[in-house]
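Below is one structure, written out as structure tokens; comments come after it.
Note that these values count all heavy atoms, side chains included, but never hydrogens, waters or copies made by symmetry.
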Amino acid sequence: MDARGLTLDGVVAARDGFTLTADLAFGAGTTAVLGPSGAGKSTLLQVAAGFIRPRAGRVLIGDEVLSDAAAGGWTPPWRRRVGLVFQEPRLWPHKRVHATIRYGGRYREDDVVAWCGIGHLLQRLPRQLSGGEAQRVAIARALLARPRLLLLDEPFTGLDPARRRQLRTLLETLQAELSLPIVCVTHLVSEALELTERLALLDRGVVVAHGPLAEVLRTPGAFGLAHGLGLENLLEVEVVGHGDGTTLARLGVHDLVLPHTDLPPGQRGRVTVRPEDVLLAAAPLSGVSARNALSGEVRELLPLEDRLLVHVDVGQPLRVEVTRDSALELGLAVGRPVWCYTKTWACRWWD
Amino acid sequence: MGEIVLLSLRIALVAVLLSLPLAVAVAWVLARVPFRGRLLLDVLVHLPLVLPPIVTGYVLLALFGANGPFAGLGLAFTSTGAAVAAAVVAFPLLVRPIRQAFEATDPGLLHAAMTLGATPWRAFWTIALPLATPGILAGALLAFGRSLGEFGATITFVGNTAGETRTLPLALFSALDVPNHESEATAFALASAALALVTLVLGELLARRSRRWTLGA
């Protein structure tokens, strides 16, 4: 068992006729809890924070037991030191930012204020903050109370790409500076992958799979679920220049033609591509309109219900969906070189 | 005249200050604490609103009068007794806006405080109560206004003693009994109306200001 992270040991928790069953250790680092709405993601957070008392099982942080249904042990929310950042920031309308963030303590106040970038907001009231600012204040408020675990509920919802990038940088800083275990709830695969490759996939109150993305996708039934949650490839590229309505970028040795972005040349950014929008070829193609060719090697073949998910290493992992028939025809096998093609407009800038 | 107005104001003020802590507690329980018998409490709190004030006065007399179980408190026929009568009659008006303010506050704001280490008690004092300020002010002024006008329960419970329990409405009532005192009665009536008006305007102004403070409206 990990020394610091959250563990749900055979937990059964019910609320409003809905039951969550969870048996997993989150460990240190960042874990994304992923699932469609109604899967029990928020219930899981409420159990961890102590607002729902499980009917069975134990809740632990590190080796400290917070809740033990069998033994009757129970730590109330205000003694758990579990930070919870709600989907709506839930700032108090009558308190200025400086009083708000100090409510729970003043742990590394100057650092936190700097990381969250809220130094210029301290005298403001919540109504004078934008959505992104309010969220950063809510995160700072949680951190100053010196939590042992940080829970985030859909933190990326409603943020534009620039704010999302800011939030990601902030969470990375927290990992590096405080080595704070983070559990982040989201309903989009892309948002989860924004933060971490370690996922817990939830559906109808049950943990379907957990572990690294590749492992999760191998679990029966998980791919269909992940696919419904917008499973996409996230590729990191470097902007080279701008063409006529397009942007030229480089991914390793490959040149890409992408939709226009405002990022300047030399800047790195990320692009999403759906697995079903990539064309796989056994040999280089000529005379096609698709502008982006990425050569790589097949690393893994995942048979799914009605198709095959091919993991191609093009310098970064690229997941491609093909039918079983075409996989046979192409003679796909692990280690085989392949060429992946995408249209410019099938790629979208994430940043 | 001035003496009567001052006595009326004093009795109304004491009535509100006396019942405010209980009203806040009852409003919180009605708004946020689910329990068996909540309906009963709700009905009990609202009873003085629909009960003839003379009945309320009679009940008070039965409880605190010379032969009542609480006679020892010595409330009957005193100005403190007048404040108690006014407090009981105005109680529903005091509780209602406070309760509505508590109900309108997102419980998530209190949950947020608890994840930061605040006990429910601290969360109540630092978050719920300040956010209910507009409701508390509205209730207090409404109850104050109602207390100024209290007549039936007062005259039944504490009588009509000049300088002790003779508030404006009671003074008006007495003036009507004396021949050729119409001008005095009119003066009392005008004073009552003026006080009521000032109370309501003040209440509205304070409520607006505090709403801007707490809700940022």
Side-chain angles (χ1 to χ4, degrees), chain A residues 42 45-52 61 66 75-97 99-107 112 124-129 134-135 137-153 183, chain B residues 20 24 27-29 31-35 38 97-141 203 205-217:
Chain A
S42 295
L45 292 189
Q46 300 276 319
V47 165
F51 293 113
I52 298 177
I61 291 182
L66 298 178
T75 307
W78 52 93
R79 273 194 241 116
R80 293 197 170 197
R81 283 181 49 214
V82 169
L84 175 52
V85 177
F86 303 88
Q87 193 173 349
E88 339 75 70
R90 294 196 183 173
L91 300 181
W92 305 302
H94 63 300
K95 283 196 185 290
R96 292 186 186 277
V97 170
T100 298
I101 62 173
R102 285 170 193 159
Y103 188 86
R106 302 184 68 163
Y107 174 65
V112 170
R124 298 222 192 141
L125 284 166
R127 65 182 146 98
Q128 299 162 322
L129 301 174
Q135 189 189 46
V137 170
I139 293 174
R141 174 175 72 172
L143 293 174
L144 259 59
R146 198 173 188 173
R148 298 180 289 178
L149 167 71
L150 187 63
L151 308 171
L152 303 164
D153 195 356
V183 174
Chain B
L20 194 56
V24 169
W28 178 259
V29 166
R32 287 277 173 250
V33 185
F35 71 105
R38 184 149 79 163
I98 303 176
R99 172 190 183 168
Q100 281 166 349
F102 282 147
E103 282 170 346
T105 306
D106 177 6
L109 295 178
L110 302 178
H111 285 173
M114 290 181 211
T115 63
L116 301 167
T119 59
W121 184 247
R122 182 179 170 218
F124 173 80
W125 280 100
T126 53
I127 310 296
L129 202 58
L131 286 175
T133 310
I136 294 172
L137 281 175
L141 277 149
L205 289 178
L206 275 174
R208 274 189 200 176
R209 173 165 287 203
S210 66
R211 222 174 284 140
R212 203 163 47 219
W213 174 58
T214 52
L215 301 179

key: Shortest non-hydrogen contact from Y103(A) toward R122(B)   = O-NH2, 3.1 Å

Closest heavy-atom pair and its distance - A145(A), L116(B) = CB-CD2, 3.9 Å

query = Which members of residues 79-87 of chain A, sorted by number, sit under 4.5 angstrom from chain B on a heavy-atom basis?
reply = V82(A), L84(A), F86(A)

request  = Give, for atom OG1 of T115(B) and atom CG of L45(A), the distance between the pair rounded to the nearest 0.5 Å.
outcome  = 11.5 Å

request  = Would you mind checking which part of R141(A) comes under 4.5 Å of any heavy atom in chain B, side chain (CB onward), backbone (N, CA, C, O), both or neither?
outcome  = both

task = Check each atom of L91(A) against the heavy atoms of chain B and say whether the ones under 4.5 Å are side chain, backbone, both or neither.
result = backbone

inquiry  = Return the CZ to CG distance between R90(A) and L110(B), rounded to the nearest 0.5 Å.
reply    = 10.0 Å

query = Just by distance, do the side chain of W92(A) and the backbone of L109(B) share a donor-acceptor pair under 3.5 Å?
reply = yes

note = Rounded to the nearest 0.5 Å, the NE2 atom of H94(A) sits from the OG1 atom of T126(B) at a distance of 6.5 Å

